[in-house]
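Inspection log for the structure reproduced underneath, given as structure tokens.
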Amino acid sequence: MNIKNSILFLLILTGTSAFATEAIVRRAYTTKARSAIESSNYKMKSVYLNNRYDEEMAEPAIKELTRRIAVEPENDSLYVLLSDVLIKSKQYEPSLENYVYLYNLKKNNNLQNDTYSLIKKLFSSYRRILHKDGGLCLNMAVMALITGENEAIDYAIAGAERSNNVALTKKTLELVFDSNQDPIKAMEVCEKILSRNPNDVEVRKIKAIYHIMKNEQKEAIDEYTKVLELASDDDESRFGLYRLLSSSKRIDDKEMLKRLYGVKNSYEFEQAYVSLTELLMKNSEFADAKIYAAKLMKKYDQNPNGYILMSEIYKREGKIKEAYDTLSLARDKADDNTDAAKYNVMLAKLSDEPVKEANNLIASELYEQALEVLESANPESLYVILTQARTNYLMGNKQKTFDYLNKAMSLYKDNSDVYCAFGYIYLQEKDTETARRYANDSLKLDKNNKTAHDLLDLINKTESNKYTVQILDAMEAQNYTEAMRLVNEAMAIDKKSADLYYYKSLIFIAQNNYAASTATLYKCLELNRNYKDAYFYLGAAFDNLGETQNALNNYKRFLDMTKDDILGSNERIDYAKARIEKLEN
């Protein structure tokens, strides 16, 4: 993202460290601001700082604290207070997110003393009560890390044994183990948990990852195998096991499928090939998926499964012609007229020939010719009608657009794609509220409709994009409090925007809050792993934190991703090269 990147980059070049000048400092919180927290209308002092708790106060207090964090994101104490009420409301996952953020600040010596004292007080208070709740134990494990208490591992173990929240358990255990930075100790902890609960699949998966890190492939295979014995539908473990087995040249297909799916006869082998291909597609491993779909087509050439899967792979790759041709082969192998009719419906949806021809004409803005092709279609399928609607909209004929859409609705009212078509038109009309309603109606009919999910993402992006200019203007004016407020408001609408996490990280960097910036940059890259500039700022943030190896890794990743840039040089590229040279010498 190059929009106004120079705003933040100038801070790097003029800084006394690898980033930011002393002129850009975190805004200190006055006694008045802290007093406002303690005298809130929602009686925060009694709710948070003492053991009293009123359930009716929880939601308004959460809203008030969330609002204050948006306005004053550098006030660490607010995160503690919010986490406390979330814990008391048994909302452990969002509470943990706040404590992880505070742990990163503590780790990099950026946590305020009053915040540290408040966490310590809460930790002592919770420690005095009976910990039957696994979610509370997991939160206490992170509090123990922050306050330097030696019970962190014990609380993590207790939480792992008692919590039913799989995602929360895994996140906490990984954090505790990573902070320990001792793989052998981490393995001992895994063994301790498993000695009490040998059926804990999440701990076994973590243990497998540590085996892989230690290059102990056989042991990792054994752990994933045990997980699948306990939870046969755990695709995460099955994919991890596939990766380990497929890297071994000594294991053939038959042996690997036996290990993955426990197959015993010829019919089960066919089903195992299908399941493995679907697993690889689910993990976007299309090259490997093609290999097994091709084997299905060869080994079981009279069965349509391989052809259907290969067609779906081509479709996801955007190769519509190949997808259509392969699915046609599946139709030719249909056992009876009923199956053949089923494939004809699938083919019509994939690539109705008149629609295909019309789309080519539409791409060249030959709208009249496209309508002629569509009007001659026989039979008049759903996708012909929807394409007629889209063509008329592109020509500015809104009345005809809705005539065709209403026709499609009257004939195919149970088809989720009809609702998507309405939604996209209303989105073009900038009526995001109506567009969202149609997208949701589409998902009620087909919860897996990718077009409807894409439409919702686009609606969220459209609404959050309204904030972009304001965010960038506030950053340019160095009004970071306002910029952070706007970013948080936009994130409440669109949680999948890599851009918003990128902007948020730049705001943290401008405030010298490098620990927080790394967390948001990692989230940005989780959403878009090809976000080049995020790697640059991640390298620079670690550079400031004194984490040399992490800084080098990310600077190098940034340079690797920009090596083919047409310009070949810009301020960030030159800066990254200079920092790598200095850090390595």
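For Phe239, there are no ring-ring contact (aromatic ring centres under 6.0 Å, His included) partners, not counting sequence neighbours. Not a single side-chain hydrogen bond (donor to acceptor under 3.5 Å, both in side chains) links Arg529 to another residue, sequence neighbours left out. Under the side-chain hydrogen bond (donor to acceptor under 3.5 Å, both in side chains) criterion, Asn465 pairs with no residue at all, not counting sequence neighbours. Considering only residues two or more places apart in sequence or on other chains, Glu191 meets the side chain to side chain contact (heavy atoms under 4.5 Å, CB included) condition with Lys207. For Asp457, the side-chain hydrogen bond (donor to acceptor under 3.5 Å, both in side chains) criterion is met by Lys496, not counting sequence neighbours. Under the rule for a side chain to side chain contact (heavy atoms under 4.5 Å, CB included), the partners of Ala156 that lie at least two apart in sequence or sit in another chain are Ala141, Leu173, Val176. Considering only residues two or more places apart in sequence or on other chains, Lys120 meets the salt bridge (Lys or Arg N to Asp or Glu O under 4.0 Å) condition with Glu149. The salt bridge (Lys or Arg N to Asp or Glu O under 4.0 Å) search around Glu93 returns none, not counting sequence neighbours. For Asn104, there are no side-chain hydrogen bond (donor to acceptor under 3.5 Å, both in side chains) partners, not counting sequence neighbours. Applying the side chain to side chain contact (heavy atoms under 4.5 Å, CB included) criterion to Glu584, with sequence neighbours excluded, gives Leu552, Lys556, Ile580. Scored by the side chain to side chain contact (heavy atoms under 4.5 Å, CB included) test, Ser232 finds no partners at all (sequence neighbours excluded).
For the residue pair Ser89 and Ile62, the shortest heavy atom distance occurs at OG-CD1, 4.5 Å. Counting all heavy atoms, side chain and backbone alike, Ala576 lies closest to Phe558 at CB-CD2, 4.0 Å. Here the shortest heavy-atom pairing between Tyr514 and Ile509 reads CE2-O, 4.0 Å.
Of the possible polar contacts, one joining the Asn139 side chain to the Gly135 backbone as a donor-acceptor pair under 3.5 Å is found. Put simply, the side chain of Ser237 never gets that close to the backbone of Asp234: no donor and acceptor are under 3.5 Å apart. Without hydrogens or angle criteria, Thr115 side chain to Leu111 main chain gives no donor-acceptor distance under 3.5 Å. No donor-acceptor pair under 3.5 Å is formed between the side chain of Asp84 and the backbone N or O of Val80. No donor-acceptor pair under 3.5 Å is formed between the side chain of Ser95 and the backbone N or O of Gln91. Judged by distance alone, the side chain of Arg238 and the main-chain N or O of Leu260 form a donor-acceptor pair under 3.5 Å. Remark: the backbone N or O of Leu279 is paired with a side-chain donor or acceptor of Asn283 at under 3.5 angstrom.
With 3.5 Å as the limit, one finds no donor-acceptor pair spanning the side chains of His211 and Glu219. There is no side-chain donor-acceptor pair under 3.5 Å between Tyr103 and Asn98. Of the N and O atoms on the side chains of Tyr537 and Asn554, not one donor lies less than 3.5 Å from an acceptor on the other residue. Side-chain atoms of Ser497 and Ser464 include no donor-acceptor pair closer than 3.5 Å. Side-chain N/O atoms of Asn199 and Arg204 include no donor and acceptor closer than 3.5 Å.
The side-chain heavy atoms of Lys523 and Ser505, taken from C-beta on, include no pair separated by under 4.5 Å. Annotation: side chain of Lys90 is in contact with side chain of Asp133 (closest heavy-atom distance under 4.5 Å). Between Ile209 and Glu223, the closest side-chain pair of non-hydrogen atoms is not below 4.5 Å. Between Tyr224 and Leu244 there is a side-chain heavy-atom pair separated by less than 4.5 Å. Between Tyr99 and Ile87 the shortest side-chain heavy-atom distance falls below 4.5 Å. Counting heavy atoms from C-beta on, the side chains of Glu433 and Arg437 never come closer than 4.5 Å. Annotation: side chain of Tyr155 is not in contact with side chain of Leu138 (no heavy-atom distance under 4.5 Å).
Between Asn460 atom CG and Met491 atom CE the span is 13.5 Å, to the nearest 0.5 Å. Here the OG-CZ distance, from Ser124 to Arg127, works out to 5.0 Å after rounding to the nearest 0.5 Å. With rounding to the nearest 0.5 angstrom, the OG1 atom of Thr225 is 5.0 Å from the CG atom of Leu241. How far OG1 of Thr562 is from CD1 of Ile573: 4.0 Å, rounded to the nearest 0.5 Å. Atom CD1 in Ile119 sits 8.5 Å away from atom CE in Met143 (nearest 0.5 Å). The OG atom of Ser247 lies 10.0 Å from the OH atom of Tyr242; values are rounded to the nearest 0.5 Å.
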> Does the side-chain hydrogen bond (donor to acceptor under 3.5 Å, both in side chains) test come out yes or no for Asn479 and Glu482, once each step is laid out?
Replying inline: CA-CA 6 Å; Asn479 187 350; Glu482 175 65 7; 5.3 Å; no
>> Checking Asp114 against Tyr116 for the side-chain hydrogen bond (donor to acceptor under 3.5 Å, both in side chains) test, could you report, in this order, the C-alpha distance in whole Å, the side-chain angles of both residues, the deciding distance, and whether it holds?
In response: CA-CA 5 Å; Asp114 57 343; Tyr116 175 84; over 6 Å; no
> Can you list the steps and then say if Tyr531 with Asp499 is a side-chain hydrogen bond (donor to acceptor under 3.5 Å, both in side chains)?
Replying inline: CA-CA 9 Å; Tyr531 210 120; Asp499 288 344; 2.8 Å; yes
> Tyr555 and Asp543: side-chain hydrogen bond (donor to acceptor under 3.5 Å, both in side chains), yes or no, with the steps?
Replying inline: CA-CA 9 Å; Tyr555 280 142; Asp543 199 347; 2.9 Å; yes
>> Does Thr520 form a side chain to side chain contact (heavy atoms under 4.5 Å, CB included) with Tyr502? I'd like the steps, not just the answer.
In response: CA-CA 7 Å; Thr520 50; Tyr502 177 71; over 6 Å; no
> Can Glu285 and Arg243 be said to form a side chain to side chain contact (heavy atoms under 4.5 Å, CB included), step by step?
Replying inline: CA-CA 11 Å; Glu285 297 287 340; Arg243 272 284 173 233; 2.7 Å; yes
>> side chain to side chain contact (heavy atoms under 4.5 Å, CB included), that's the test. Do Leu118 and Leu81 meet it? Break it down for me.
In response: CA-CA 9 Å; Leu118 185 53; Leu81 302 180; 3.5 Å; yes
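By the 30° and 60° cut-offs, the orientation of the rings of Tyr101 relative to Phe508 is tilted.
In this structure, Arg557 forms a cation-pi arrangement with Tyr535, its terminal cationic atom sitting closer than 6.0 Å to the ring centre and no more than 45° off the ring axis.
Under the salt bridge (Lys or Arg N to Asp or Glu O under 4.0 Å) criterion, no residue pair touches residues 501-512, with sequence neighbours excluded.
Glu64 has a carboxylate O that lies under 4.0 Å from a charged side-chain N of Arg68, or vice versa, which qualifies the two as a salt bridge.
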